[in-house]
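Since this is a predicted model, take the numbers as computed values, not measurements. Here is the naming used below: chain letters follow the sequence lines, and residue numbers restart at 1 for every chain.
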Amino acid sequence: RWEEERYPEGIKWKFLEHKGPVFAPPYEPLPENVKFYYDGKVMKLSTKAEEVATFFAKMLDHEYTTKEIFRKNFFKDWRKEMTSEEKSTITNLSKCDFTHMSQYFKAQTEARKQMSKEEKQKIKEDNERLLKEYGYCVMDNHKERIANFKIEPPGLFRGRGNHPKMGMLKRRIMPEDIIINCSKDSKIPSPPPGHKWKEVRHDNKVTWLVSWTENIQGSIKYIMLNPSSRIKGEKDWQKYETARRLKKCVDKIRNQYREDWKSKEMKVRQRAVALYFIDKLALRAGNEKEEGETADTVGCCSLRVEHIKLHPELDGQEYVVEFDFLGKDSIRYYNKVPVEKRVFKNLQLFMENKQPEDDLFDRLNTSILNKHLQDLMEGLTAKVFRTYNASITLQQQLKELTNPDDNIPAKILSYNRANRAVAILCNHQRAPPKTFEKSMMNLQSKIDAKKEQLADARRELKSAKADAKVRRDEKSKKTVESKKKAVQRIEEQLMKLEVQATDREENKQIALGTSKLNYLDPRISVAWCKKWGIPIEKIYNKTQREKFAWAIDMAEEDYEF
DNA sequence: TTGTAGACTTGGAACAATTTTA
DNA sequence: TAAAATTGTTCCAAGTCTACAA
């Protein structure tokens, strides 16, 4: 259905109408009996100061609030919201006692959980109304779901990892901050009474409906459409088509960079080694970042000398590179990789006379790399390698792991294993769930119980058989049959549980979601489901099926990535 | 060439809803 | 039927990459 209209270069839509954003609910002051204490004495805060104090109080149980930087940033920003009297009294965060406030919020949460069915129902209906009213827009001839129509509420910024700005106040966004984007001939959304938009524009070269500038990094935030929308789906499809084009020329590119390892030019050698890492290890490009503005994380081009160790020999392997660095979201990348001798020698060369904190690829950045890639293939950038290698790995692993004789749960285990191979390649990790050990034990006891049940059923079958042999009548024959079926059923259940246990154990620290949603050409999965008669619901939940509707429509069982 | 704003994708954790279990 | 476990959804931060100006 997307092929209906063709747009001229750069034009994203012709008609766009929406209702504008939903703002965060206004601050509700605390009841009189909820106290804040400073230096052991009750202190009544001004509304503005109180609001910011509640942000801190709500996080009191979190490790964040014990961190030096968090406390420093918070206190600095909090003081800005205080009246001059408050400012002169409250000079030390350690003397602030938020525990009463914190208890109050905990009680509120508890009360919310204990609400009656009717009350919960009412909240649900209110949410649905809001969604119906503000959650959709019309883009060209389609009604589309909006991904994030609610403006982010004010609060304390929590970066990931060791973020220098953690604890800073994320200010409340007002209509005066908001830029509305829609078409001229649409019904333009009206700002809340007594307010004005910052700007209304009609830019059909972009896909966003609403934008504002956030105060922590000064970056722009957007309201955009849901992944199920035409505009996102088409782009997603294109992404995989680009990766498939890479498939056709990847051998040539690999030969090229292997040649370039020998280049006379340092820049070319560095480029070639970096590209090799991006290709072989699925590293991210690694843009430069402004120092002190964000956590210290790196990608390929921004690797520093301190992030790798060279081992001429390690555990019986030659030329091993040991990687240890923090990547996106401060997730650690740790890997020991044997590499070609030439790569190893080049790395030694790149590291010569450098300090640990110096760039490994000092003649290279993402812009140079991507320009080169653009010359190798139109539309090729560093991230395409991640998409390509992820998708090709899934396809190849599915081929290798799927056993035609397996039943459905076993086949799904194979799918998850293929998915897992990709997640490991892309270093998609998660914190092991807090209840992991316990849930593993529960599952094991279920398995044990099932085994006993199976033994019982087998015994019963045996005696039924013996009985039938003696009696030789229809009724006892029937009993044998039904006992046989029972054994079979229990065997199947046991197998299912065992598969589940394996799957869970292997998945302890691996996050499958990101690769499934962003890196794996969905047509590979759709084709696999069709080929083996696996219902697509077993692989994709409702949201995922909506996002991948285009692929479910398009792919047949013989689809090749 | 370098710097910066802007637009869009990718990412894990927190939270909420649903299902299973005791 | 409540609580626990599991699964799905939301949140919003943190990347990539392009365009454009100096």
To the nearest Å, give me how far apart CE (A:Met59) and C1' (C:dC11) are.
-> 13 Å
Could you check A:Trp78, A:Phe157, A:Tyr64 and say which one makes a ring-ring contact (aromatic ring centres under 6.0 Å, His included) with A:Phe70?
-> A:Tyr64
Under 4.0 Å between any heavy atoms, over every strand shown, what does A:Leu517 touch: base, sugar-phosphate, or nothing? Just pick one.
-> nothing
Earliest and latest nucleotide of DNA chain B, 5' to 3', sitting under 4.0 Å from a non-hydrogen atom of chain A?
-> B:dG6 to B:dT21
Is the closest basic N to carboxylate O distance between A:Glu125 and A:Lys132 below 4.0 Å?
-> no
State, without any angle test, whether A:Thr297 and A:Lys289 hold a side-chain donor-acceptor pair at a distance under 3.5 Å.
-> yes
Side chains of A:Gln270 and A:Asp362: is there a donor and an acceptor less than 3.5 Å apart?
-> yes
Strictly by modelled atom types, are A:Arg145 and A:Ser228 linked by a side-chain donor-acceptor pair under 3.5 Å?
-> no
Report, as yes or no, whether the 6.0 Å neighbourhood of atom NZ on A:Lys239 holds more than 12 heavy atoms from other residues, nucleotides or ligands.
-> yes
CZ of A:Phe149 versus C1' of C:dT10: gap in Å, rounded?
-> 11 Å
Do the two ring centres, one from A:Trp528 and one from A:Tyr415, sit under 6.0 Å apart?
-> yes
Base, sugar-phosphate alone, or nothing: which one does A:Arg386 contact when heavy atoms must sit under 4.0 Å apart?
-> sugar-phosphate
Between A:Leu156 and A:Gln500, just flag the one whose closest nucleotide in DNA chain C comes earlier from the 5' side.
-> A:Gln500
So what does A:Asn442 hit on the nucleic acid, given a heavy-atom distance under 4.0 Å: a base, only sugar-phosphate, or nothing?
-> sugar-phosphate
Check: A:Phe149 ring centre within less than 6.0 Å of A:His18 ring centre | no
Measure from CG on A:Leu512 to C1' on C:dG8 and round the result to the nearest Å.
-> 15 Å
Return the value, rounded to whole Å, for the distance between atom CD1 of A:Ile216 and atom P of C:dA13.
-> 8 Å
Expressed in angstrom and rounded to an integer, what is the separation of A:Asn507 atom CG from C:dT7 atom P?
-> 11 Å
Quickly, which of A:Arg523, A:Lys247, A:Lys235 forms a salt bridge (Lys or Arg N to Asp or Glu O under 4.0 Å) with A:Glu241? Name it, please.
-> A:Arg523
Give the rounded distance in Å between these two atoms: CZ of A:Arg430 and P of C:dG8.
-> 13 Å
Would A:Lys371 and A:Asp375 pass as an ion pair if we require N to O under 4.0 Å?
-> no
Reading nucleotides 14-22 of chain C 5' to 3', which nucleotides get B (base under 4.0 Å from a protein heavy atom), which S (sugar-phosphate only), which -?
-> BSBBS----
Nearest whole angstrom, please: distance from the C1' of C:dC12 to the CD1 of A:Ile173.
-> 12 Å
Rounding to a whole Å, what distance do you find between A:Met166:CE and C:dA13:P?
-> 13 Å
Starting from the first five and the last five pairs of the helix from B:dT1-C:dA22 to B:dA22-C:dT1, work out the angle between the resulting helix axes, to 10 degrees.
-> 10°
A:Asp236 or A:His62, whichever maps to the more 5' nucleotide of DNA chain B | A:Asp236
Could you tell me whether A:Gln429 contacts a base, only the sugar-phosphate backbone, or nothing, with contacts defined as non-hydrogen atoms closer than 4.0 Å?
-> sugar-phosphate
May I ask you to say whether A:Arg230 pairs ionically with A:Glu144, meaning some side-chain N is under 4.0 Å from a carboxylate O?
-> no
Between A:Ile331 and A:Ile220, just flag the one whose closest nucleotide in DNA chain B comes earlier from the 5' side.
-> A:Ile220
Heavy atoms under 4.0 Å, any strand shown: does A:Lys446 hit a base, just sugar-phosphate, or nothing?
-> sugar-phosphate
Modelled atom types, side-chain donor and acceptor of A:Tyr222 and A:Thr207, under 3.5 Å = no
Does a side-chain N or O from A:Lys170 land closer than 4.0 Å to OP1 or OP2 of C:dA13, or not?
-> yes
So what does A:Lys120 hit on the nucleic acid, given a heavy-atom distance under 4.0 Å: a base, only sugar-phosphate, or nothing?
-> nothing
Nearest non-hydrogen partners of A:Pro164 and A:Ala295, listed with the distance | CD-N, 3.8 Å
With a non-hydrogen cut-off below 4.0 angstrom, is A:Pro153 in contact with a base, only sugar-phosphate, or nothing?
-> sugar-phosphate
